[in-house]
Amino acid sequence: MWMLPGQNQSWVSEFILLGFSRDPTTNRTLFVAFLFLYLSSVLGNVLIVILIRLDTHLHTPMYFFLCILSLIDMAYLTTTVPQMLVHLLTPSQTITFAGCWLQMYVFGAFGVTECTFFVVMAYDRYVAICHPLRYTVILSWGLCTRLAAGTLACGFFISLIHTFLTMRLPYCGPNVVNHYFCEGPSVRSLACKDTYVIETVDLVISVFLIVTPLCVILASYVHIALAILKIKSIRGRFKAFSTCASHLTVVTFFYAPAIYIYMRPSSSYSPERDKLISLFYNVFTALLNPVVYSLRNKDIKEAFLKVMGHGRVAR
């Protein structure tokens, strides 16, 4: 902490991230577990990007969006986990005020980007199933690029508002954040000022960024379900459903914990529970995405076999 000249109040210049445990043995065990999860997530997402890049059969809007999702997941994960791994092995668990500001901003930016990007992926499935003959016409490469760039710009702009409102609060002690990274609600709970107005603004932003996209996704899948029911072939119905099941799975695992963290009353704030829930949409979702999309996707499996030198698999 540091003292403002001519004032009797100290102000925080750094935060201490409490993490999961103070026991060195437990921390070493957690280090091995989270390192494995992190490397597995990065490897899985890198593999998907490489396969989509190398196999020309995967150069379609659907796989373009899947490639972007993998890149977002890797950036999202790398914002928090490497620092957490360092803190698990070192006695010092501090992060500067500026570092906390930056981590919160970048984490929020990629989180919002992924939140809105799921809407883009749902739109892709809607066009593919409800308007299959016009799929490549509607989802031109120009539109795909603009949609990806637009979600990224939205993420970094909205996160700037959230981070600015949180970090402009006065923090005069304590400076111990009961979390493994600088997440908005956890840091804001340390402010030495009433946060009702900022929490209200944050709630409005969260409703806009979570509820609105979720409603759009649900609406698109209502139309998709109606279109699938019109397919006479059982095999055709199964194929159409399977292309949507992966997306619905990752959407559920991402939105459910995010809704709890950012839309529940501040009175129900529980640091220990929040840390565990944050792991789902930060760590496990990034690992789940490549697993779900690779195991349930015939094209990805065939591309992997081709890259591994097994030759072209008959389609």
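For the numbers below, each heavy atom of this structure counts, side chains included, while hydrogens, waters and symmetry mates do not. Only a predicted model underlies this, so the values are computations on that prediction, with no experimental measurement involved.
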Legend entry - Phe164 ring center near Tyr105 ring center (under 6.0 Å): no
Inset, instruction - Flag the pair Tyr38 / Pro82 as yes when at least one side-chain heavy-atom distance between them is below 4.5 Å, and no otherwise. - result: yes
Inset, instruction - For Ser70 and Leu66, indicate whether the former's side chain and the latter's backbone hold a donor-acceptor pair under 3.5 Å. - result: yes
Inset, instruction - Consider only side-chain N and O atoms of Ser278 and Glu183, and report whether a donor and an acceptor are under 3.5 Å apart. - result: yes
Inset, instruction - Measure the shortest side-chain to side-chain distance between Phe157 and Ile161 over non-hydrogen atoms and say whether it is less than 4.5 angstrom. - result: yes
Legend entry - Heavy-atom donor-acceptor pair, His223 side chain to Ala219 backbone, under 3.5 Å: yes
Legend entry - Spacing of Leu85 atom CG and Leu89 atom CG [to the nearest 0.5 Å]: 7.5 Å
Legend entry - Point-to-point distance, once rounded to the nearest 0.5 Å, from OG1 of Thr113 to CD1 of Ile68: 11.0 Å
Inset, instruction - Compare every heavy atom of Ile72 with every heavy atom of Phe110, then report the nearest pair and how far apart it is. - result: O-CG2, 3.8 Å
Legend entry - Nearest-0.5 Å distance, CG of residue Asn178 to CG of residue Leu18: 4.5 Å
Legend entry - Any donor-acceptor N/O pair, Thr78 side chain to Ala75 backbone, under 3.5 Å: no
Legend entry - Side-chain heavy atoms of Cys67 within contact of Arg53, under 4.5 Å: no
Legend entry - Spatial distance of atom CE (Met104) from atom CZ (Arg188) [nearest 0.5 Å]: 8.5 Å
Inset, instruction - Check whether any side-chain heavy atom of Arg134 sits under 4.5 Å from a side-chain heavy atom of Val127, and report yes or no. - result: no
Inset, instruction - Kindly state whether the ring of Phe181 and the ring of His179 have centres lying under 6.0 angstrom apart. - result: yes
Inset, instruction - Determine the minimum heavy-atom distance between Thr79 and Phe107, stating which atoms define it. - result: CG2-N, 3.7 Å
Inset, instruction - On the 0 to 90° scale, with breaks at 30° and 60°, tag the Tyr255-Phe118 ring pair as parallel, tilted or perpendicular. - result: tilted
Inset, instruction - Determine whether Leu147 and Phe65 make a side-chain contact, defined as any pair of heavy atoms from C-beta on separated by less than 4.5 Å. - result: yes
Inset, instruction - Look at atom NE2 of His131 and say whether more than 12 heavy atoms of other residues, nucleotides or ligands are closer to it than 6.0 Å. - result: yes
Legend entry - Minimum heavy-atom distance between His59 and Trp141, given as atom pair plus value: O-CZ2, 3.3 Å
Inset, instruction - Assess the side chains of Ser92 and Thr90: does a donor N or O sit below 3.5 Å from an acceptor N or O? - result: no
Inset, instruction - Using atom types as modelled and distance alone, determine if a side-chain donor or acceptor of Asn175 lies under 3.5 Å from a backbone N or O of Glu14. - result: yes
Inset, instruction - Start with the C-alpha distance between Val49 and Leu71, add both sets of side-chain angles, then the distance that settles side chain to side chain contact (heavy atoms under 4.5 Å, CB included), and finish with yes or no. - result: CA-CA 8 Å; Val49 173; Leu71 293 173; 4.1 Å; yes
Inset, instruction - May I ask you to check whether Phe34 and Phe20 place their ring centers less than 6.0 Å from one another? - result: yes
Inset, instruction - Look at the side chain of Thr285 and the backbone N and O of Phe280, then say whether any donor-acceptor pair between them is shorter than 3.5 Å. - result: yes
Legend entry - Main-chain N/O of Thr25 paired to Thr29 side chain as donor or acceptor, under 3.5 Å: yes
Legend entry - hydrophobic_cluster_shared for Val176 and Tyr180, side chain cutoff 4.5 Å: no
Legend entry - Residue Tyr135 excluded, over 12 heavy atoms near OH under 6.0 Å: yes
Inset, instruction - Answer yes or no: is there a side-chain heavy-atom contact under 4.5 Å between Leu214 and Ile259? - result: yes
Inset, instruction - Without swapping roles, check the side chain of Asn289 against the backbone of Val250 for a donor-acceptor pair under 3.5 Å. - result: no
Inset, instruction - State yes or no: are the ring centers of Tyr126 and Tyr221 separated by less than 6.0 Å? - result: no
Inset, instruction - Of all the heavy-atom pairs spanning Pro61 and Cys144, show the shortest one and how long it is. - result: CB-SG, 3.7 Å
Legend entry - Side chain Asn45, main chain Ser41, donor-acceptor under 3.5 Å: yes
Legend entry - Side-chain (Thr96) to main-chain (Gly99) donor-acceptor, under 3.5 angstrom: yes
Legend entry - Nearest-0.5 Å distance, CZ of residue Phe208 to OG1 of residue Thr116: 9.5 Å
Inset, instruction - Find out whether Leu279 and Val283 are in side-chain contact, i.e. whether some heavy atom of one side chain is under 4.5 Å from a heavy atom of the other. - result: yes
Inset, instruction - Kindly say whether Ser21 contributes a backbone atom to a donor-acceptor pair with the side chain of Asn27 at under 3.5 angstrom? - result: yes
Legend entry - Close side-chain approach of Tyr260 to Asp274, heavy-atom, < 4.5 Å: yes
Inset, instruction - Verify the distance criterion only: is there a donor paired with an acceptor across the side chains of Tyr63 and Asp124 at less than 3.5 Å? - result: no
Inset, instruction - Can you measure from CG (Leu77) to CG (Leu37) and round to the nearest 0.5 angstrom? - result: 9.0 Å
